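Chain letters run A, B, ... following the sequence lines, proteins first and then strands; every chain starts at 1. These numbers were taken from a predicted model, which means no experiment stands behind them. Both backbone and side-chain heavy atoms feed into the values below; hydrogens, waters and symmetry mates do not.
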Number of protein chains: 2
Amino acid sequence: MSLINNPSGGALTTGRDGDVVHADSDLHGAVGRHLARHDYRYTAGRRRLVDTMADAGKPVTLPDIISASPDLSPSSVYRNLDVLERSGVVDRITTRGDHAFFEFAEPLLSHHHHLICIDCGIVKDFCLDDEVEKRVDRGLLEAAGEAGFTPLRHNVDLHGYCPDCK
Amino acid sequence: MSLINNPSGGALTTGRDGDVVHADSDLHGAVGRHLARHDYRYTAGRRRLVDTMADAGKPVTLPDIISASPDLSPSSVYRNLDVLERSGVVDRITTRGDHAFFEFAEPLLSHHHHLICIDCGIVKDFCLDDEVEKRVDRGLLEAAGEAGFTPLRHNVDLHGYCPDCK
DNA sequence: ACTATATTGAGAGTGAGTCTCATAAACAAT
DNA sequence: ATTGTTTATGAGACTCACTCTCAATATAGT
């Protein structure tokens with residue numbers, strides 16, 4: 001298992017609760033706790049999936065996962081990505097490309113956003129500075145309240161062309 | 001044809017170019033200009049589609065369009081939504097729901113963002129104030145430059161539960 | 001009107017993701 | 001350890017949003 005994806009380039013060191021995963025700390029422990037909270041088992045196949053995603057260090061699609069770990073069964077991977085998403089371990093990123101992307105959710109991964117290529121759909125992570133984040137948060141909470149929405153998280157995505165599709 | 005969707009509640013009155021559509025001005029003229037710029041024809045079917053979307057006044061899915069205008073052919077509507085998207089008339093919003101949502105693109109519609117229900121996928125528009133927008137823009141341009149991305153537009157989406165799915 | 005080009009519509013086709021179900025693994029309690 | 005109970009697995013069938021095909025039709029230019 002390698003380092004978890006971290007767009008800011010430094011080690012993951014902060015967070016508001018005890019489940020933030022530090023560069024060399026116990027990812028599996030944190031994932032297991034999330035799963036247990038939702039009455040799911042942390043099986044060997046799910047560990048393999050988590051390891052594969054951690055090794056990738058960036059948002060991945062199903063083909064990415066299968067080509068990195070060909071012994072995993074596609075139907076089980078889809079089912080387990082769903083379980084991990086329900087447990088708050090993984091976020092699904094839906095783009096115009098053929099496949100959805102998956103990456104570790106906060107607070108397993110520090111807060112960040114996405115550059116999305118509108119041609120090939122590839123996703124790359126980046127961070128905004130704290131000042132901007134706070135202002136966005138305040139604006140979003142206000143808007144959500146007015147519309148009767150219960151806010152869970154925000155996405156700030158930039159759509160454009162990646163270096164390859166330019 | 002009714003008013004175009006406008007999350008801020010007031011009339012659409014500003015914009016950086018001449019194609020911004022005011023509440024009572026010529027939507028079809030602006031759409032026709034966009035299509036012509038891309039060597040597409042503004043046919044009767046495309047007008048019907050544009051009218052249907054304008055009448056809805058909010059992001060719509062293909063079933064929304066067909067149930068509002070049952071004489072439109074689904075395959076043509078899909079094809080024409082694609083043409084309108086390529087021409088910059090329409091934006092596609094991909095969510096976890098079964099269907100993609102479509103709405104008028106900027107600058108036909110004033111700048112705004114989306115509340116997206118993570119359960120049913122429904123999309124609602126809202127605005128952020130100008131100060132926040134400017135800061136977000138600056139942060140995104142910087143991030144895009146570092147990653148070699150060519151920025152086109154940004155999306156600030158809030159994901160949560162809509163009043164019905166709460 | 002005539003020609004060249006773009007669009008239409010009905011239905012066939014595609015493919016990412018989901019569902020089924022028989023088998024296997026994980027947990028609990030004795 | 002053994003048994004019983006619940007949950008997970010995997011192969012493949014299946015769904016269905018969306019795209020493609022192609023003959024018929026509408027549009028624009030001359």
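Between A:I116 and A:G121 the shortest heavy-atom distance is CG2-O, 4.3 Å. For A:L115 against B:A144, the heavy-atom pair with the smallest separation is CD2-CA, 4.2 Å. Taking each heavy atom of A:H34 and A:S87 in turn, the nearest pair found is ND1-O, 3.2 Å.
Remark: A:E85 engages B:R96 in a salt bridge, criterion side-chain N to carboxylate O under 4.0 Å. One finds no salt bridge joining A:K58 and A:D64 here, because no Lys/Arg side-chain nitrogen approaches an Asp/Glu carboxylate oxygen to under 4.0 Å. B:R138 and B:E142 are not joined by a salt bridge, as no carboxylate oxygen comes within less than 4.0 angstrom of a charged side-chain nitrogen. Residues A:R92 and A:D82 are paired through a salt bridge, judged by an N-O separation under 4.0 Å between the basic side chain and the carboxylate.
With rounding to whole Å, B:R48 atom CZ is found 14 Å from C:dT8 atom C1'. Atom CG of B:D39 is separated from atom P of C:dT5 by 13 Å (rounded to the nearest Å). Straight-line distance from the NE2 atom of B:H99 to the P atom of C:dG17: 16 Å, rounded to whole Å. Counting to the nearest Å, the P atom of C:dT5 and the OH atom of B:Y40 are 17 Å from each other.
Bending across the helix from C:dA1-D:dT30 to C:dT30-D:dA1, expressed as the angle between its end axes from five pairs apiece, amounts to 50° (10° rounding).
The closest side-chain heavy-atom distance from B:N155 to A:N155 is not below 4.5 Å. Between A:L84 and A:L49 there is a side-chain heavy-atom pair separated by less than 4.5 Å.
Taking the ring-ring contact (aromatic ring centres under 6.0 Å, His included) definition, one finds that A:Y42 meets it with A:H28, sequence neighbours left out.
Boundaries of the chain B contact region on DNA chain D are D:dA17 to D:dA28, first to last in 5' to 3' order (nucleotide atom under 4.0 Å from a heavy atom).
Residues from residues 71-84 of chain B that place a heavy atom under 4.0 Å from any atom of DNA chain C, listed by number: B:S73, B:S75, B:S76, B:R79, B:N80.
Residue pairs meeting the ring-ring contact (aromatic ring centres under 6.0 Å, His included) criterion with at least one partner in residues 141-165 of chain B, sequence neighbours excluded, are B:H111-B:H154, B:H113-B:H154.
Using a 30° and 60° split on the angle between ring planes, B:H112 and B:H114 fall in the perpendicular class, above 60°.
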For nucleotides 26-30 of chain C, give me every protein contact, N/O to N/O, under 3.5 Å, one pair per line with atom names.
none

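Tracing side-chain contacts under 4.5 Å through hydrophobic residues (I, L, V, M, F, W, Y), one never reaches A:F101 starting from A:V90; they form parts of separate clusters.
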